[in-house]
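Here's the structure, in structure tokens; my notes come after.
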There are 2 protein chains.
Amino acid sequence: MVNGNPNVKPATRKKVLEVIDRLDYRPNAVARGLASKKTTTVGVIIPDVTNAYFASLARGIDDIAMMYKYNIILTNSDENGGKEVQVLNTLMAKQVDGIIFMGNRVTPELREEFKRSKAPIVLAGSVDAEKSQPSVNIDYVAAVAEAVKNLIDHGNQKIAFVSGPMDEAINHDYRLKGYKKALKDAGLTYDEKLVFETDYTYKAGQALEPALTAAGATAAFVGDDELAAGVMNGLTDAKIDVPGDFEVITSNDTKLTELVRPKMSSITQPLYDIGAVAMRLLTKLMNNETVEENTVILPYGLMKRSSTK
Amino acid sequence: MVNGNPNVKPATRKKVLEVIDRLDYRPNAVARGLASKKTTTVGVIIPDVTNAYFASLARGIDDIAMMYKYNIILTNSDENGGKEVQVLNTLMAKQVDGIIFMGNRVTPELREEFKRSKAPIVLAGSVDAEKSQPSVNIDYVAAVAEAVKNLIDHGNQKIAFVSGPMDEAINHDYRLKGYKKALKDAGLTYDEKLVFETDYTYKAGQALEPALTAAGATAAFVGDDELAAGVMNGLTDAKIDVPGDFEVITSNDTKLTELVRPKMSSITQPLYDIGAVAMRLLTKLMNNETVEENTVILPYGLMKRSSTK
DNA sequence: CTGTTAGCGCGTTCAT
DNA sequence: ATGAACGCGCTAACAG
């Protein structure tokens with residue numbers, strides 16, 4: 001026995017241990033990376049892991065990555081442009097084989113960095129109005145239009161549009177368009193006073209109740225589940241019955257929709273799949289496989305629960 | 001102009017572009033890693049990013065990592081022992097400078113791998129009964145004892161202990177001990193029939209109502225927020241008033257506690273800080289700095305909201 | 001102090 | 001087929 005036997009000379013013991021060490025030898029992935037110019041790791045830029053929507057995508061990304069023997073370098077960006085380009089650069093310095101980007105504010109500088117990158121980059125659950133990169137999403141305008149139409153069909157004439165920052169492409173260029181489309185299709189006129197731009201937080205939603213009622217709204221489309229939970233609870237706390245007096249429908253079909261009371265109706269998105277498909281697309285790109293379609297649109301749905309009639 | 005001028009010969013244009021390329025030259029981190037034996041990346045093993053508790057820790061980890069110029073390789077383990085050792089090995093193959101491990105089922109094999117690692121490993125928000133590794137946690141037994149005492153003080157005699165799998169050290173070796181301690185201190189006898197072992201899911205919690213009432217419990221300590229939301233809603237759906245007829249207190253002080261109605265009372269944990277401190281500790285270990293205390297215990301609290309009297 | 005050179009541990013190529 | 005040599009891009013040790 002090598003371990004506890006005092007009769008073994010230290011020198012030979014050392015030698016034996018070295019051999020043992022050499023036994024469970026692990027190839028050095030860094031050296032291999034330098035020689036082969038492939039690191040089998042991909043970078044993932046996420047606004048905030050703490051956000052249930054993005055966390056779900058991240059889970060899909062990681063599972064598929066692992067399936068294809070890749071590892072994920074995960075970094076939170078807070079959708080901060082400066083941080084995003086900096087992170088991009090360190091990812092490229094680390095020679096990642098590809099990058100998955102989540103975030104809805106693709107600035108011109110960022111777009112430049114994207115182009116400068118030799119590693120393929122795909123957007124997951126995120127839109128760039130310029131469509132400069134491969135991406136995986138749902139058809140946000142159609143989904144929102146359908147959700148709002150549902151509200152209209154229930155007899156609502158004044159429907160609030162509650163969203164996060166309007167400088168995010170997804171809000172300004174997609175969701176708002178869907179909202180307007182539904183109004184137009186129904187012959188309703190668009191009223192800026194029914195548009196509420198705020199943060200993606202529960203508190204912000206909760207604080208919206210006075211404004212909502214002051215505007216005379218009887219229903220709301222909300223662009224984020226936590227935000228939606230906030231407006232719903234704010235309403236309820238003000239003795240406004242949901243859905244009796246006020247209907248709300250949300251966007252991300254996060255677990256949260258089923259935990260609050262009433263349960264929230266929502267646009268349905270294949271969250272995990274968006275991440276998974278984005279990663280799968282990335283593997284193809286990294287292998288220089290020819291891919292039929294660079295921008296894939298996954299199906300959405302409408303789940304009616306108890307926050308709408 | 002290099003870009004669009006057709007009068008520039010392709011060859012010279014190519015040359016110029018190469019120079020430009022060389023201008024914004026990025027040092028190759030892989031080569032540096034090979035030469036210096038430092039990769040400035042650390043591995044993070046997490047049960048599931050989708051879990052709000054662990055996601056909060058992960059956010060703290062990433063922020064501090066970034067502050068110290070490290071990047072994070074994040075992998076989901078599903079607390080699956082086999083996956084965990086495999087991931088550990090690929091992390092070591094990739095020459096990470098350190099590892100943060102989250103997960104409460106440290107098997108003997110895993111413990112062996114930990115010891116084999118030359119990179120320091122710290123546990124975050126996770127316990128190993130053997131205390132074989134540096135770690136950052138709160139005092140779970142004291143926290144649970146205090147929570148249960150609170151329930152006892154409200155006159156409850158039959159208090160349910162609802163937790164995830166009992167083969168997790170945190171449930172079996174810590175929370176349950178705290179529960180028993182509180183009972184003993186109050187002169188109540190421990191009854192196995194009041195211990196409910198289940199999954200960490202909303203549905204599992206919701207399904208618990210019949211069993212809970214059958215056991216005659218009038219209050220419950222729950223080891224996870226989502227699970228707690230489930231038992232609360234299950235109770236409410238069965239027309240049992242919370243907290244009037246049944247009190248519930250939960251463990252992780254996740255955002256969720258404030259989103260459900262009634263808002264849930266909870267043990268309070270510095271989630272972000274647990275991750276941040278763990279990462280900070282890891283940086284010290286990676287620098288071979290001498291650290292006073294390898295196992296750090298952060299303060300906890302008790303937040304009384306509306307699910308208790 | 002600046003300039004040169006030898007590895008770091010692999011993949012890849014070339015000669016055997 | 002098997003094996004020796006070189007190079008990946010950088011750091012660290014060394015010499016000048």
Side-chain angles (χ1 to χ4, degrees), chain A residues 14-43 65-66 68-73 75 85-99 113 115-121 282-289, chain B residues 14-43 65-73 75 85-99 113 116-121 282-289:
Chain A
K14 183 158 177 281
K15 212 175 263 180
V16 172
L17 288 176
E18 280 173 7
V19 171
I20 290 180
D21 233 32
R22 213 167 301 133
L23 263 267
D24 68 340
Y25 149 88
R26 292 198 200 81
N28 183 323
V30 174
R32 169 182 299 152
L34 185 58
S36 68
K37 300 186 172 309
K38 289 184 201 294
T39 55
T40 63
T41 104
V42 311
M66 177 147 288
Y68 284 88
K69 315 274 188 196
Y70 284 93
N71 285 103
I72 262 22
I73 293 186
T75 43
V85 322
Q86 188 197 330
V87 164
L88 255 178
N89 276 80
T90 94
L91 285 178
M92 289 163 62
K94 293 213 172 175
Q95 313 295 117
V96 296
D97 298 334
I99 293 174
E113 293 291 333
K115 282 177 187 149
R116 199 188 302 282
S117 170
K118 40 204 301 191
I121 300 180
L282 187 61
T283 64
K284 289 179 184 165
L285 262 17
M286 292 187 295
N287 280 335
N288 293 314
E289 295 176 27
Chain B
K14 183 156 178 282
K15 212 175 262 179
V16 172
L17 288 178
E18 280 174 6
V19 171
I20 290 180
D21 234 33
R22 214 167 300 133
L23 262 267
D24 67 341
Y25 150 88
R26 294 197 200 81
N28 182 322
V30 174
R32 170 182 300 154
L34 184 58
S36 68
K37 300 186 171 310
K38 288 184 201 298
T39 55
T40 64
T41 104
V42 311
M66 176 147 288
M67 182 176 303
Y68 284 88
K69 314 274 188 198
Y70 285 93
N71 285 102
I72 260 26
I73 294 186
T75 42
V85 321
Q86 189 196 331
V87 164
L88 255 178
N89 277 80
T90 96
L91 286 177
M92 290 163 64
K94 294 213 172 176
Q95 313 295 116
V96 296
D97 298 334
I99 292 176
E113 293 291 331
R116 198 188 303 281
S117 169
K118 40 205 300 193
I121 300 180
L282 187 60
T283 64
K284 287 179 186 166
L285 263 17
M286 292 187 296
N287 279 334
N288 293 314
E289 296 177 24

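Keep in mind that this is a model prediction, so the values were computed, not measured. Quick note on labels: first sequence line is chain A, next is B, and so on, each numbered from 1. What's counted below: heavy atoms across the whole structure, side chains too, no hydrogens, waters or symmetry copies.
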How large an angle, rounded to 10°, do the end axes of the helix from C/dC1-D/dG16 to C/dT16-D/dA1 enclose when each is built from five base pairs?
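Inter-axis angle at the ends, rounded: 50°.
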I'd like to check [X] versus [Y] (side-chain heavy atoms, cut-off strictly below 4.5 Å). Are they in contact?
X      : Y      : value
A/T75  : B/I72  : no
B/N28  : A/K94  : no
B/V42  : B/M286 : yes
B/L88  : B/I121 : yes
A/L282 : A/P120 : yes

Partners passing side chain to side chain contact (heavy atoms under 4.5 Å, CB included) against B/N89 (at least two apart in sequence or in another chain)
A/R26, B/E113
Non-neighbouring partners of A/K38 that pass side chain to side chain contact (heavy atoms under 4.5 Å, CB included), sequence neighbours left out
A/S36, A/D97
B/R32 CZ to B/K37 NZ distance, which is reported to the nearest 0.5 Å
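B/R32 atom CZ to B/K37 atom NZ measures 15.5 Å (nearest 0.5 Å).
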Working to the nearest 0.5 angstrom, can you tell me the gap between B/K69 NZ and A/T90 OG1?
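Rounded to the nearest 0.5 Å, the NZ-OG1 separation comes out at 10.0 Å.
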Bounded by its outermost nucleotides with an atom under 4.0 Å from a heavy atom of chain A, the footprint on DNA chain C reads C/dG9 to C/dG11
Are the side chain of B/T39 and the backbone of B/Q95 linked by a donor-acceptor contact shorter than 3.5 Å?
yes
Heavy-atom closest contact (A/P27 atom, B/A93 atom, distance)
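Reported closest heavy-atom pair: O-CB, 3.7 Å.
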Scan B/T40, B/V96, B/T41 and name whichever one has a side-chain contact (heavy atoms from CB on, under 4.5 Å) with B/Y70.
B/T40
Sub-4.0 Å heavy-atom contacts from residues 27-40 of chain B onto DNA chain C, ordered by number:
B/L34, B/A35, B/K37
Contact boundaries of DNA chain D with chain A (under 4.0 Å, heavy atoms), 5' to 3'?
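First-to-last contact on DNA chain D, by the 4.0 Å heavy-atom rule, is D/dG7 to D/dG9.
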